[in-house]
Protein chains: 2
Amino acid sequence: MIEARHLRVLRAVHRTGSFSAAARELGCTQPAVSQQMKALEQSAGTPLLIRTGREMRLTQAGEALVRHATGILAGLTAAEEEVAAIAGLRAGRVRLVSFPSGSSTLVPAALAAMRADHPGTRVSLVEAEPPRSVEMLRNGDCEITLAFRYPEVRGADPAAEAEWDDLVVRPVLVDRLVGLVPETHRLAGAGTAGYADLAGEPWIAGCPRCRRHLVEVCEGAGFTPRIDFATDDYPAVIGLVGAGLGVAVLPELALESVRHKGVRTVAMEPCVQREVVALTLPDLAQVPAVEAMLGRLAGAVGD
Amino acid sequence: MIEARHLRVLRAVHRTGSFSAAARELGCTQPAVSQQMKALEQSAGTPLLIRTGREMRLTQAGEALVRHATGILAGLTAAEEEVAAIAGLRAGRVRLVSFPSGSSTLVPAALAAMRADHPGTRVSLVEAEPPRSVEMLRNGDCEITLAFRYPEVRGADPAAEAEWDDLVVRPVLVDRLVGLVPETHRLAGAGTAGYADLAGEPWIAGCPRCRRHLVEVCEGAGFTPRIDFATDDYPAVIGLVGAGLGVAVLPELALESVRHKGVRTVAMEPCVQREVVALTLPDLAQVPAVEAMLGRLAGAVGD
DNA sequence: GCTCGCCCCAAGGTCCGCTTATGCTCGAAG
DNA sequence: CTTCGAGCATAAGCGGACCTTGGGGCGAGC
């Protein structure tokens with residue numbers, strides 16, 4: 001087995017013409033070079049250098065090795081270069097999966113920061129809801145998944161939470177759920193409302209998990225909400241509320257990027273917080289580009 | 001510094017999909033693979049593999065390394081293959097320099113044997129006299145030099161002999177010097193003649209060294225030969241003797257391949273022997289093709 | 001003739017890598 | 001649900017490889 005290190009030494013010997021000069025160039029002692037050449041000749045099975053008095057000459061086998069060494073070492077340094085580029089964030093690709101309302105505000109800011117800091121990296125974005133997005137993460141279809149959870153759920157669905165215990169969970173931000181009523185509603189001007197205050201209203205729910213959570217909270221308040229519509233499209237929710245078809249609770253984040261015409265927000269009591277987190281696999285968290293992107297997502301809180 | 005051995009292991013891991021399978025394929029234990037991959041990841045500075053439950057997947061850096069590994073390992077095996085071909089005598093080139101009379105008989109037999117045994121090798125032949133041929137050997141212009149010496153010279157030219165003491169001297173054959181007289185000469189029928197018997201004759205001498213040797217031998221016999229012609233072309237010597245222009249002594253070997261028309265040979269007393277040797281450099285004697293050719297030259301004695 | 005540079009050789013110490021042994025996790029089968 | 005097997009990680013132990021230091025021989029140049 002010929003080692004690349006030996007080829008490097010052989011080339012240095014060939015270029016400089018002596019073991020001592022090669023040793024100086026390589027930063028080691030002359031016997032080290034001598035021994036390496038002996039080892040290389042042994043693994044080659046034939047002499048490679050002929051020591052004729054003053055100068056070092058190559059045998060035919062030595063010439064063949066030096067000829068190949070150029071390409072081999074070039075390939076090796078190219079590989080090192082590419083890996084170093086990825087490790088040094090001058091290259092690298094991150095595939096990010098986000099739930100829809102995260103894409104609109106948080107993700108663009110993080111993407112912009114990432115591009116500004118590391119222009120060589122590429123971040124792609126796909127939208128998907130958990131648990132589909134978590135499945136994609138496990139399947140290797142993405143490196144980072146944005147998800148959210150309701151920490152205050154009283155052990156309602158431990159299975160869903162347990163799905164993440166082997167993942168790296170990076171908190172990104174916490175946003176409050178606020179109530180949403182038509183501007184003609186009796187509570188439109190109220191600063192705060194309790195869930196029970198909306199017990200008799202028709203409700204517009206969000207995605208399946210948000211819907212489950214809504215039901216739990218309302219039941220905690222003593223009633224079961226009548227849900228007339230359910231959609232994970234937040235502008236649609238706002239539109240439905242604005243049309244007077246019901247009331248809803250939405251994360252503050254989801255309201256930021258949408259004009260909420262014809263609706264009013266009210267703070268809800270009790271205050272429910274939704275935690276948005278970035279998920280990744282433990283090994284992927286060590287990948288520089290992934291790590292950097294996780295940092296940008298967490299840093300985008302300022303917006 | 002990425003090592004080729006690590007790339008080999010990485011590729012095996014990628015192909016087989018597990019450390020254990022790669023270890024079996026590589027003929028080592030699983031912890032060895034595990035440690036090598038850890039070392040490779042450390043020298044790469046970034047994770048290369050993600051262990052996601054059952055299967056092993058590559059990170060982007062891992063993909064880059066595997067992609068480069070193909071070319072690097074291919075170049076490495078190509079280099080090993082070429083060196084092995086040279087070492088295994090399936091390839092290789094030997095440049096042989098011979099003195100003129102050696103070329104005619106001994107060299108062709110050795111060349112034929114070499115080609116028969118190792119068809120992949122190539123032997124080139126150039127004619128030159130020593131000391132020019134020895135100089136070529138030292139300059140790297142050839143691998144083997146055929147030369148001859150007169151062992152019985154009584155310390156006449158120790159310098160010339162000393163020239164070889166750092167070389168590998170491989171005896172090839174010993175041939176006798178025989179007298180050559182015109183067929184009309186008074187000694188033409190004699191079985192044996194002494195040098196003194198030819199004291200008054202005009203002499204035809206050979207190459208400079210042969211000429212010097214002739215003078216020494218004759219002076220040992222009590223006279224100084226009158227040399228009318230000197231040429232290193234043996235057929236020319238024979239022609240001159242045949243034309244009655246003088247007498248000569250020639251190696252038996254030189255007579256074998258020439259029709260000696262009009263001349264007669266006589267054994268000379270004292271019997272002088274010329275030793276034909278193959279010379280090479282100590283390092284070159286280890287080169288398989290050179291070694292093989294040296295053997296064929298020594299084995300060509302049978303002819 | 002002397003000195004300097006270069007190479008080889010031998011000995012010592014250090015470090016690396018492999019192996020054995022063990023524990024842990026996960027997935028599949030009963 | 002439990003058990004079993006496969007696979008990976010880790011620790012200890014050991015053998016070997018590598019490099020360094022020190023000494024010697026040899027050829028070249030002043």
Side-chain angles (χ1 to χ4, degrees), chain A residues 1-10 12-43 47-58 62 135 138-139 159 162-167 281-283 286, chain B residues 1-10 12-43 47-58 62 134-135 138-140 159 162-167 281-283 286:
Chain A
M1 179 66 191
I2 292 177
E3 298 178 38
R5 175 170 44 101
H6 289 162
L7 292 182
R8 214 176 285 274
V9 176
L10 176 66
V13 169
H14 176 228
R15 184 170 51 242
T16 63
S18 85
F19 283 10
S20 298
R24 282 191 294 272
E25 182 175 312
L26 296 170
C28 64
T29 61
Q30 171 268 320
V33 173
S34 188
Q35 288 175 9
Q36 289 213 27
M37 288 300 92
K38 185 182 289 185
L40 182 58
E41 289 184 335
Q42 185 164 359
S43 57
L48 302 173
L49 295 162
I50 51 182
R51 294 84 161 166
T52 162
R54 186 52 52 183
E55 59 182 335
M56 280 286 173
R57 266 201 310 276
L58 293 173
E135 182 187 339
R138 293 187 198 277
N139 278 351
E163 272 186 18
W164 298 356
D165 62 0
D166 60 334
L167 301 177
L281 297 177
D283 295 289
Q286 308 303 318
Chain B
M1 178 67 190
I2 292 178
E3 298 179 38
R5 176 170 43 99
H6 289 163
L7 293 183
R8 212 177 286 276
V9 176
L10 176 66
V13 169
H14 175 229
R15 184 170 49 242
T16 64
S18 85
F19 284 10
S20 299
R24 283 190 294 270
E25 181 175 312
L26 297 169
C28 64
T29 61
Q30 168 265 320
V33 174
S34 188
Q35 288 175 7
Q36 288 212 28
M37 287 302 92
K38 184 183 288 186
L40 181 57
E41 288 185 335
Q42 185 163 0
S43 58
L48 303 173
L49 295 162
I50 52 181
R51 294 84 163 166
T52 162
R54 188 54 49 183
E55 59 182 338
M56 281 286 175
R57 266 200 311 276
L58 293 172
V134 176
E135 183 187 336
R138 293 185 197 279
N139 278 351
E163 275 188 16
W164 296 357
D165 62 0
D166 61 335
L167 301 178
L281 298 176
D283 294 288
Q286 308 303 318

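We name chains A, B, ... by the order of the sequence lines, and we start the count at 1 in each one. The structure presented is a predicted model; accordingly, all values stated were derived computationally and were not measured.
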Phosphate OP1/OP2 of D:dG27: any A:Arg51 side-chain N/O under 4.0 Å: no
C:dC8 phosphate, OP1 or OP2, under 4.0 Å from A:Lys38 side-chain N/O: no
Flag, side chain of B:Arg15 to backbone of B:Val13, donor-acceptor distance under 3.5 Å: no
Touch class at under 4.0 angstrom, heavy-atom based, for A:Gln30 against every strand present: base
Check: A:Leu48 main-chain N/O paired with A:Glu41 side-chain donor or acceptor under 3.5 Å: yes
Sugar-phosphate, base or nothing in reach of A:Gln35, heavy atoms under 4.0 Å: base
Nearest-angstrom distance from the residue atom CZ of B:Phe19 to C1' of C:dC26: 16 Å
d(CE, B:Met1; P, D:dC18) in whole Å: 14 Å
A:Gln36 CD to C:dC7 C1', straight-line distance once rounded to whole Å: 16 Å
d(CG, A:Leu40; P, D:dA17) in whole Å: 15 Å
Flag, side chain of B:Thr16 to backbone of B:Ala12, donor-acceptor distance under 3.5 Å: yes
Integer-rounded Å distance: C:dC15 C1' and B:Glu3 CD: 13 Å
Side-chain N or O of B:Thr29 closer than 4.0 Å to phosphate OP1/OP2 of C:dT19: yes
Interatomic distance where CZ belongs to B:Arg24 and P belongs to D:dA6 [whole Å]: 9 Å
Side chain of A:Ser18 - closest among C:dC6, D:dC8, C:dC18: C:dC6
Nearest-0.5 Å distance, CE of residue A:Met1 to CZ of residue B:Arg8: 4.0 Å
B:Ser20 side-chain N/O to D:dC8 phosphate OP1/OP2 under 4.0 Å: yes
Distance test, side-chain N/O of B:Arg5 to OP1/OP2 of C:dC18, below 4.0 Å: yes
Residue-phosphate contact under 4.0 Å: B:Ser34 side-chain N/O, D:dA9 OP1/OP2: yes
Side-chain heavy atoms of B:Met56 within contact of B:Arg51, under 4.5 Å: yes
Nucleotide D:dC18, atom P - distance to CZ of A:Arg8 in whole Å: 16 Å
Whole-Å distance separating the CD atom of B:Glu25 from the P atom of D:dG7: 14 Å
